[in-house]
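Step one of this worksheet: look at the structure below.
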Amino acid sequence: MEILEINHPLVDHKLTVLRDLHTPSATFRLLVEELVTLLAYEATRDVHVKKVGITTPVTATTGVKIADPAPIVVPILRAGLGMLEGMTKLVPTAEVGFLGLQRDEETLEVSTYANRLPDVLTDRQCFVLDPMLATGHTIVDSVHYLLSRGARDVTVICILATPEGLKTVAESLPDDAHVRIVVASIDEGLNDRGYIVPGLGDAGDRLYGVID
């Protein structure tokens with residue numbers, strides 16, 4: 001597994017504002033979108049392309065376009081939805097699937113409650129969107145779900161991650177899977193409730209408000 005922690009002053013600036021508990025939801029949503037676009041720029045460096053012939057106003061030449069089958073973007077409901085716009089702005093030709101996973105706050109176990117993905121993902125590059133890689137259980141289940149449908153090239157884009165969560169993901173992967181984690185910051189670790197420290201709180205609640 002490859003881990004890429006983005007080191008860029010604009011990423012650091014936006015992340016600092018996201019962490020601030022006084023940042024309102026509207027600003028939080030906008031910053032997440034902007035931050036994901038920056039992360040996605042790095043995450044898509046190895047996106048599959050094909051050569052194409054074109055004619056410019058001056059001459060004929062050769063360029064590249066994103067190859068078929070198109071990449072598929074998979075936001076993890078619900079917090080991953082806040083990252084979708086930032087990703088699709090950069091890769092508008094990508095297809096979008098959805099995966100709903102829920103964590104039990106006491107046991108920290110993850111269960112799947114919704115999915116909208118192709119049955120076969122062979123030869124598809126998959127980009128998973130989830131703001132927080134905390135315990136790693138949600139990402140483990142998401143990646144294994146994609147691998148079970150034939151995917152072998154998966155990039156996970158997160159805002160924050162923890163060392164223990166990354167270790168959990170790495171230890172769960174089969175040898176033949178190419179999985180990369182792109183993250184704005186690897187934080188100190190988890191508290192006794194499984195939240196990232198220093199973190200930014202519950203990303204879903206901060207994006208969309210608290211739902212009882």
Side-chain angles (χ1 to χ4, degrees), residues 1-8 10-12 14-19 28-29 31-46 71-88 90-91 94 96-103 108 110 125-146 151 153-173 177-191 194-208:
M1 183 179 81
E2 179 186 355
I3 301 170
L4 178 61
E5 184 179 15
I6 304 302
N7 180 18
H8 193 286
L10 288 180
V11 170
D12 294 341
K14 294 178 190 300
L15 183 55
T16 298
V17 182
L18 284 179
R19 291 188 192 275
F28 192 93
R29 286 193 295 270
L31 285 170
V32 166
E33 178 183 323
E34 294 174 351
L35 182 55
V36 170
T37 299
L38 293 173
L39 297 177
Y41 178 80
E42 295 295 337
T44 55
R45 281 190 178 275
D46 295 326
I72 185 164
V73 178
V74 186
I76 305 303
L77 304 176
R78 71 177 165 137
L81 287 175
M83 304 172 69
L84 182 58
E85 185 71 16
M87 183 72 184
T88 54
L90 193 68
V91 194
V96 179
F98 298 93
L99 192 56
L101 300 170
Q102 189 169 21
R103 183 178 71 164
L108 303 183
V110 175
Q125 285 184 294
C126 299
F127 293 89
V128 176
L129 307 180
D130 197 358
M132 318 293 278
L133 197 163
T135 64
H137 296 142
T138 298
I139 297 302
V140 166
D141 280 23
S142 302
V143 171
H144 276 278
Y145 194 89
L146 299 175
D153 188 340
V154 180
T155 298
V156 180
I157 302 176
C158 300
I159 295 173
L160 300 181
T162 66
E164 53 265 57
L166 291 170
K167 183 173 183 289
T168 295
V169 175
E171 291 175 346
S172 78
L173 298 175
H178 175 220
V179 176
R180 182 167 58 155
I181 310 290
V182 178
V183 62
S185 174
I186 300 174
D187 276 11
E188 297 170 14
L190 298 169
N191 64 15
Y195 282 90
I196 297 177
V197 178
L200 49 76
D202 186 297
D205 288 349
R206 296 198 65 189
L207 281 162
Y208 304 117

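Arg206 places no side-chain N or O within donor-acceptor distance of the main-chain N or O of Gly201, the cut-off being under 3.5 Å. Panel note: side chain Thr162, backbone Asp187; no donor-acceptor pair is recorded below 3.5 Å. Panel note: side chain His8, backbone Leu38; no donor-acceptor pair is recorded below 3.5 Å. A donor-acceptor pair is defined here as one N or O able to donate and one able to accept, closer than 3.5 Å; no such pair exists between the side chain of Arg180 and the backbone of Met1. Between the side chain of Arg19 and the backbone N or O of Leu200, no donor-acceptor pair lies under 3.5 Å.
In this structure, Met132 and Ala203 approach most closely via the heavy-atom pair CG-CB, 4.1 Å. Contact record, Lys14 with Leu35: CD-N, 4.2 Å, taken as the closest heavy-atom pair. The two residues Pro75 and Val96 come nearest to each other via the heavy atoms CD-CG1, 4.1 Å. Here the closest heavy-atom approach between residue Gly86 and residue Val36 is recorded as C-CG1, 4.1 Å. Here the closest non-hydrogen pair linking Ser172 and His144 is O-NE2, 2.8 Å. Considering all non-hydrogen atoms of both residues, Cys158 and Leu39 come closest at O-CD1, 3.4 Å.
Interatomic distance, Ile186 CD1 to Glu5 CD, rounded to the nearest 0.5 Å: 4.0 Å. In this structure, Ile157 CD1 and Thr155 OG1 are separated by 7.0 Å, a value rounded to the nearest 0.5 Å. Note that the CG atom of Leu15 and the CG atom of Leu10 stand 12.5 Å from one another [nearest 0.5 Å]. Annotation: the span from Phe127 atom CZ to Leu146 atom CG amounts to 12.0 Å, rounded to 0.5 Å. Considering CG of Leu31 and CG of Leu18, their distance stands at 5.0 Å, rounded to 0.5 Å. The distance from the CG atom of Asp12 to the OG atom of Ser185 is 8.0 Å, given to the nearest 0.5 Å.
Residues Leu81 and Tyr208 have side chains in contact (heavy-atom distance under 4.5 Å, counting atoms from C-beta outward). At a threshold of 4.5 Å between non-hydrogen side-chain atoms, the residues Val183 and Leu133 do not count as touching. Contact of the Met87 side chain with the Pro71 side chain is not registered, since no non-hydrogen atoms from C-beta on lie closer than 4.5 Å. Side-chain contact between Ile6 and Tyr41 is absent, with no heavy-atom pair separated by less than 4.5 Å. The closest side-chain heavy-atom distance from Val156 to Asp130 is not below 4.5 Å. In this structure, the side chains of Val143 and Leu173 come closer than 4.5 Å at one or more pairs of heavy atoms.
Legend: residues meeting salt bridge (charged side-chain N to carboxylate O under 4.0 Å, His left out) with Glu164, ordered by chain and number and at least two apart, are absent.
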Worked verdict on Leu190 versus Ile196 for side-chain contact (heavy atoms from CB on, under 4.5 Å): CA-CA 5 Å; Leu190 298 169; Ile196 297 177; 4.1 Å; yes

